[in-house]
Amino acid sequence: MSFTADRLLLFGATGDLSQRMLLPSLCALDADELLDPDLRIIGTARSDLDDASFRNLAREALEKYLPAERRGGMANFLNRLSYQQLDATTLDGFSDLAAKVGEPNQGLAIFLSTAPSLFEPTIKGLQHAGLDGDHVRMCLEKPLGVDLASSCEINDAVAQAFPEDRIFRIDHYLGKETVQNLLALRFANILFEPIWNSNYIDHVQVTVAETVGLEGRVAFYDDAGALRDMVQNHMLQLVAMLAMEPPTSFDATAVRDEKVKVLRAMRKVTATETVTGQYRAGAISGEAVPGYDEELGKDSDTETFTAIKGHIDNWRWKGVPFYLRTGKRLPERVTEIVVQFRCVPHSIFAGMGATMEPNRLVIGIQPEENITLNLTAKVPGLGQDGIRLRPVPLNIAMPDAFVGQHRRIAYERLLLDLIEGDQTLFVRRDEVEAQWQWVDSIREIWNSTDQKPKTYTAGTWGPSAAIALAERDGVSWHE
Ligand code: BG6
């Protein structure tokens, strides 16, 4: 059912995500006059706050996390906020919550940013209080389970109250401009699609490197690890966008139908196709940082780094390795995709002493939003002792190409789509389950071969085995 929500109910409203991302995103949208004047935002959490103290908490969060130039109209935004305390584990408080939400004129969007253990009781409470009708949408924040079975349990619980066309599963990478731009790059240009296959592409690399460590998320991260925290969701979504067939339109069903086909075609990896690592004390940008075990306060077998050689078993990608790597405490924060093309089939310059490098497309997702295509050019000169060729970059710096646009928080786009009811950038149940299926198969391999993470020094690119994983195939990670 199509409607623009005029009530937004935030569960976990006092939490970290709400303070760092959700409230700032909503305030920024408001400053840009993208929110309906009638939209009311109701926060709920366990903390005993009233409307005024929630607005204070929100003001502090905005001052901390939203740049001053995007805070115009903050007073107006704060006036939209109200708060209702709730213990979601019992049904008792839900009627008061419903009274606080009131009767929306159009519809209600609910954002669940709580521990997954609260999903089920929360859904029951919402049903009990009548907050589940045709005019209600449900948005879920990760983690959605720890494996396929637990993810199915969550999905089943939510499905009892909400049909799939009113469930919005967040993967915040899909809210990033540069990730959406992958679709524009691939499907709005004639150049790439004809060569976007195993005939012309040698391999693909996807790197999501972070410099941060545990960031205080001790219990959560140690139960998750890099595979569940980053590969299961963000990295597989990047792979799906890179590898999918052209959808017939930019529409939620068409796009997600194509993504899920890729996710289902991911081949089970073998033991020699993955590497895991855990950081030890080291230095990042000249600053000493402790090891994972020190931050955690105990020994652990959780991986803070993983590298995987993946394959997509379909016609387009047969034989093209997708090298994925992600880790905490790496030397720099960078998310990038490298598409390495094959050599030309025959070099007319070979007899003239010229060596040439195959083309390479590097797509910077963050922090640099650059697209670089390496082309081969002739080095100027008379060429008496042969012709010399060299790769030269064709560079597009997105911020320079689009001057005057502000860099938005990924959640701005996603919250707006939730309010307006567009599911294109949200993850469908079959996608999440295909992602878990692949990730579970990797965990099974690790368990059955008793694979323990190798150590790496913080500030380096992971264990040396990760370099060997690519170099065995004659491939170097792009750095
Ligand atoms: C989250 C992970 O989903 O993504 C974090 O739980 C990670 O561990 C974060 O730091 C990275 O997001 P971004 O947008 O900073 O790349």
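Atoms within a ligand are numbered from 1 in the order they appear, just like the ligands themselves. From a predicted model like this one, the values you see are computed outputs, not experimental measurements.
Looking only at atom types and distance, the side chain of Gln278 has no donor-acceptor partner in the side chain of Lys454 under 3.5 Å away.
Counting the atoms of ligand 1 from 1 in the order shown, those under 4.0 Å from a heavy atom of Gln366 are 13 (P), 16 (O). Each of the following atoms of ligand 1 lies closer than 4.0 Å to a heavy atom of Lys328: 5 (C), 7 (C), 8 (O), 10 (O). Using a 4.0 Å cut-off to heavy atoms of Lys142, the atoms of ligand 1 that qualify are 1 (C), 2 (C), 3 (O), 6 (O). Near Met230, meaning under 4.0 Å from one of its heavy atoms, ligand 1 places the atoms 2 (C), 4 (O), 7 (C). Residue His234 has at least one heavy-atom neighbour below 4.0 Å for each of these atoms of ligand 1: 1 (C), 3 (O), 4 (O). Close contacts between ligand 1 and Asp229 involve ligand atoms 2 (C), 5 (C), 6 (O), 8 (O) [criterion: under 4.0 Å to a heavy atom]. Numbered from 1 in the order shown, with element, the atoms of ligand 1 that lie under 4.0 Å from a heavy atom of Lys176 read 13 (P), 14 (O), 16 (O).
Scanning the protein heavy atoms around atom 10 (O) of ligand 1, the nearest turns out to be Glu210 OE2, 2.5 Å. For atom 12 (O) of ligand 1, the closest non-hydrogen atom of the protein is His172 NE2, 3.2 Å. Taking atom 15 (O) of ligand 1 as the reference point, the nearest protein heavy-atom neighbour is Arg333 NH2, 3.2 Å. Of the protein's heavy atoms, Arg217 NH2, 2.4 Å lies nearest to atom 8 (O) of ligand 1. Among protein heavy atoms, the minimum distance from atom 16 (O) of ligand 1 is reached at Tyr173 OH, 2.5 Å.
Considering both main-chain and side-chain atoms, Glu215 never comes within under 3.5 Å of ligand 1 through any nitrogen or oxygen pair.
Nearest heavy atom pair, residue Gly43 against residue Ala13, reads CA-CB, 3.5 Å.
In terms of modelled atom types and a separation under 3.5 Å, the side chain of Gln205 and the main chain of His478 share a donor-acceptor contact.
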